Amino acid sequence: SNNVMLEKTEILVTIFALLFLFYVVILWGAGRKKSSQSPEIKRYLFSVRILIIIIAIVALILWTFL
């Protein structure tokens, strides 16, 4: 039973690592220059953060039923 728990933890860590990587790639693609960041890009990045948080919550809920 301990081995199953380790696998569940690895799955959760993998999900959050992928979400983090996804966010970093989007930040990099949006050109993370604070001096020339337009309000549209800031709004876009805020929406991306909200989306990633929603995906993380759904993944956590699904993970609990694994």
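This one's a predicted model, so the numbers in the text were calculated from it and none came from an experiment.
If you chain together ILVMFWY residues whose side-chain heavy atoms come under 4.5 Å of each other, V13 ends up in a group of its own. Under the 4.5 angstrom side-chain criterion for Ile, Leu, Val, Met, Phe, Trp and Tyr, the cluster partners of I53 are I57, I61, F65.
Between the CD1 atom in I54 and the CG atom in L19 there is a gap of 12.0 Å [rounded to 0.5 Å]. Between atom CG of residue L62 and atom CG of residue L12 there is a gap of 11.5 Å, rounded to the nearest 0.5 Å.
Hydrophobic cluster membership is shared by I55 and F16, with clusters built from Ile, Leu, Val, Met, Phe, Trp and Tyr side chains linked at under 4.5 angstrom. The hydrophobic cluster containing Y44 also contains L27, counting ILVMFWY residues as joined when their side-chain heavy atoms lie under 4.5 angstrom apart, directly or transitively. Follow the hydrophobic side-chain contacts under 4.5 Å out from L51 and you reach I15 in the same cluster.
Qualifying side-chain contact (heavy atoms from CB on, under 4.5 Å) partners for F22, counting only residues two or more places apart in sequence or in other chains: I26, I52.
Between the side chain of W63 and the backbone N or O of K8, at least one donor-acceptor pair lies under 3.5 Å.
The minimum heavy-atom distance between I41 and A30, with the atom names listed, is CD1-O, 3.9 Å. The shortest heavy-atom contact between Y23 and R49 is OH-NE, 2.7 Å.
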